[in-house]
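Scroll down for the structure; my scribbles are underneath it.
So that the names make sense, note that chain A is the first sequence line, chain B the second, and so on, each numbered from 1. Every heavy atom of this structure was used, including side-chain atoms; hydrogens, water molecules and symmetry mates were not.
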Amino acid sequence: MALHDQTRKTASGDSGKAASGESGEIASRLLAWYDAHHRDLPWRIAPRELARGIRPDPYRVWLSEVMLQQTTVEAVKSYFRAFVEKWPDIEALAASATEDVMKAWAGLGYYSRARNLKACANLVARQGGRFPDTQAGLRELPGIGAYTAAAIAAIAFDQPAAVVDGNVERVVSRLFSIVTPLSEAKGDICTYVERMVPATRPGDFAQAMMDLGAMICTPRRPRCGLCPLREDCSAIISGDAERFPVRLPKGEKPLRRGAAFVAVRGDGAILLRKRGDQGLLGGMTEVPTTGWTARIDGGTTAAAAPFPGNWR
DNA sequence: GTCCAGGTTC
DNA sequence: GAACCTGGAC
């Protein structure tokens with residue numbers, strides 16, 4: 001659906017200015033709120049530090065953004081601290097053993113991120129240790145998709161990139177009461193954000209949108225009374241912020257079964273193996289298992305044990 | 001316990 | 001469009 005149709009459909013009764021996000025009012029209100037209420041995070045350079053001339057370190061921005069993909073801020077904090085302690089810069093990470101990186105990542109989930117992290121570190125270190133400073137250049141690197149490229153460009157390099165993560169999708173879908181399901185509306189949401197991004201402090205603007213989504217414009221029970229954008233928000237005006245964003249119902253997830261074999265030797269040693277690098281839990285250590293399939297058959301029973309025995 | 005959120009890859 | 005993991009809300 002074209003953006004102008006969306007705007008007409010969703011923002012009726014609103015002043016065109018605020019609804020289109022072109023006035024710059026939204027960005028300045030949001031930045032003022034961010035200055036007063038931003039979260040203090042281990043990887044973040046706060047507004048008053050930026051004002052004193054402290055620059056973000058692209059390595060730390062990249063590391064934190066990769067860790068934050070599909071992962072909550074609380075879970076990331078301790079891992080981030082451990083990583084920068086162990087590997088303070090991209091050269092240190094590039095010089096590490098992949099296995100050590102996998103170990104340090106254990107517990108964070110989505111382990112392909114750790115393999116891509118290491119691959120990316122090797123690549124960047126080999127090219128002189130400098131990250132590309134454009135979205136397109138960043139997008140080429142392993143483990144960096146549209147969101148992460150925009151986030152690094154904005155936060156580390158102060159470029160006016162449209163940073164759209166799940167938080168921002170929720171904030172924008174409420175601001176403009178977007179009734180189109182999220183999967184279809186992503187393009188329009190990105191266009192709205194592009195129009196809102198200010199020429200100055202684009203990195204703080206990106207972080208402010210995400211802080212707003214995390215602290216005020218929450219998925220459930222949003223704290224609209226505290227929101228700096230309450231006068232701009234179409235969903236508040238109609239009193240139903242919580243019904244946005246609209247999502248398509250998701251399909252059933254297939255159930256897969258299999259067996260795991262725990263072999264304990266007399267001296268207490270346990271038989272372990274390393275999984276292949278691709279797919280489920282790639283590169284992780286495990287007890288031997290069968291394949292995992294939709295039905296129980298010869299490949300998922302004791303018949304597939306690593307050695308004959310009295311398996312129970 | 002059950003439901004749900006969430007970027008990148010292939 | 002499906003696969004990939006964990007943790008938070010209820």
* CE of M67(A) versus C1' of dT8(B): gap in Å, rounded? -> 17 Å

* Side-chain donor or acceptor of R113(A) paired with backbone N/O of L108(A) under 3.5 Å -> yes

* To do: Give a yes or no on whether the backbone of A106(A) and the side-chain of Y79(A) come within a donor-acceptor separation of less than 3.5 Å.
  => yes

* Asked: Under a single-linkage definition using a 4.5 Å side-chain heavy-atom cutoff for Ile, Leu, Val, Met, Phe, Trp and Tyr, are I189(A) and L229(A) assigned to the same hydrophobic cluster?
  -> yes

* **Inter- and intrachain pairs under side-chain hydrogen bond (donor to acceptor under 3.5 Å, both in side chains), touching residues 148-163 of chain A, at least two apart** => Q69(A)-T148(A)

* Asked: Which comes earlier along DNA chain B counting from the 5' end, the contact point of R139(A) or that of Y110(A), where each point is its nearest nucleotide?
  -> Y110(A)

* Side-chain heavy atoms of L63(A) within contact of W87(A), under 4.5 Å -> no

* Structure fact -> Members sharing I45(A)'s hydrophobic cluster, built from side-chain contacts under 4.5 Å between Ile, Leu, Val, Met, Phe, Trp and Tyr, are L50(A), I54(A)

* Asked: Going by number, which of residues 210-227 of chain A have a non-hydrogen atom under 4.0 Å from DNA chain B?
  -> none

* Under 4.0 angstrom, heavy atoms only, what part of the nucleic acid is I144(A) near: base, sugar-phosphate, or nothing? -> sugar-phosphate

* **Candidate nucleotides dG6(B), dT6(C), dT9(B), ranked by approach to the side chain of Y111(A) - the nearest** => dT6(C)

* Minimum-distance nucleotide to A75(A) side chain [options: dG7(C), dA5(B), dC5(C)] -> dG7(C)

* Between R174(A) and A241(A), is there a donor-acceptor pair closer than 3.5 Å when you use the side chain of the first and the backbone of the second? -> yes

* **Rounded distance in Å - CG (L68(A)) to P (dT6(C))** => 17 Å

* Structure fact -> Between M209(A) and the options I26(A), V197(A), N167(A), V172(A), the side chain to side chain contact (heavy atoms under 4.5 Å, CB included) test singles out V172(A)

* Structure fact -> Taken to the nearest whole Å, CD/E74(A) to P/dG8(C) is 8 Å

* What parts of residues 147-170 of chain A reach DNA chain B, counting only heavy atoms under 4.0 Å away? -> Y147(A), T148(A), D165(A), G166(A), R170(A)

* Using Watson-Crick and G-U wobble pairs whose two distances are both under 3.5 Å, how do you write the pairing of DNA chain B as dot-bracket, with | for links to another strand? -> ||||||||||

* Asked: Between L182(A) (CG) and dA5(B) (P), how many Å, whole number?
  -> 10 Å

* Asked: In terms of the angle between their ring planes, are W105(A) and F83(A) parallel, tilted or perpendicular, with boundaries placed at 30° and 60°?
  -> perpendicular

* Would you mind reading off the distance between L108(A) atom CG and dC4(C) atom P, rounded to a whole angstrom? => 18 Å

* Would you confirm whether K118(A), through its side chain, and L93(A), through its main-chain N or O, come within 3.5 Å as a donor-acceptor pair? => yes

* Without swapping roles, check the side chain of R230(A) against the backbone of I236(A) for a donor-acceptor pair under 3.5 Å. => no

* Rounded to whole angstroms, how far apart are CG on N116(A) and C1' on dT9(B)? -> 8 Å

* F131(A) and F157(A), any side-chain heavy atoms less than 4.5 Å apart -> yes

* Expressed in angstrom and rounded to an integer, what is the separation of K186(A) atom NZ from dG1(C) atom P? -> 12 Å

* **Exam field: side chain R115(A) to backbone T98(A), donor-acceptor pair closer than 3.5 Å** => no

* Asked: With the 4.5 Å side-chain cut-off for hydrophobic clustering, are Y110(A) and V76(A) part of the same group?
  -> no

* Nearest-angstrom distance from the residue atom CD of Q69(A) to C1' of dT9(B) -> 11 Å

* For DNA chain B, what residues of residues 80-87 of chain A have any heavy atom nearer than 4.0 Å? -> none

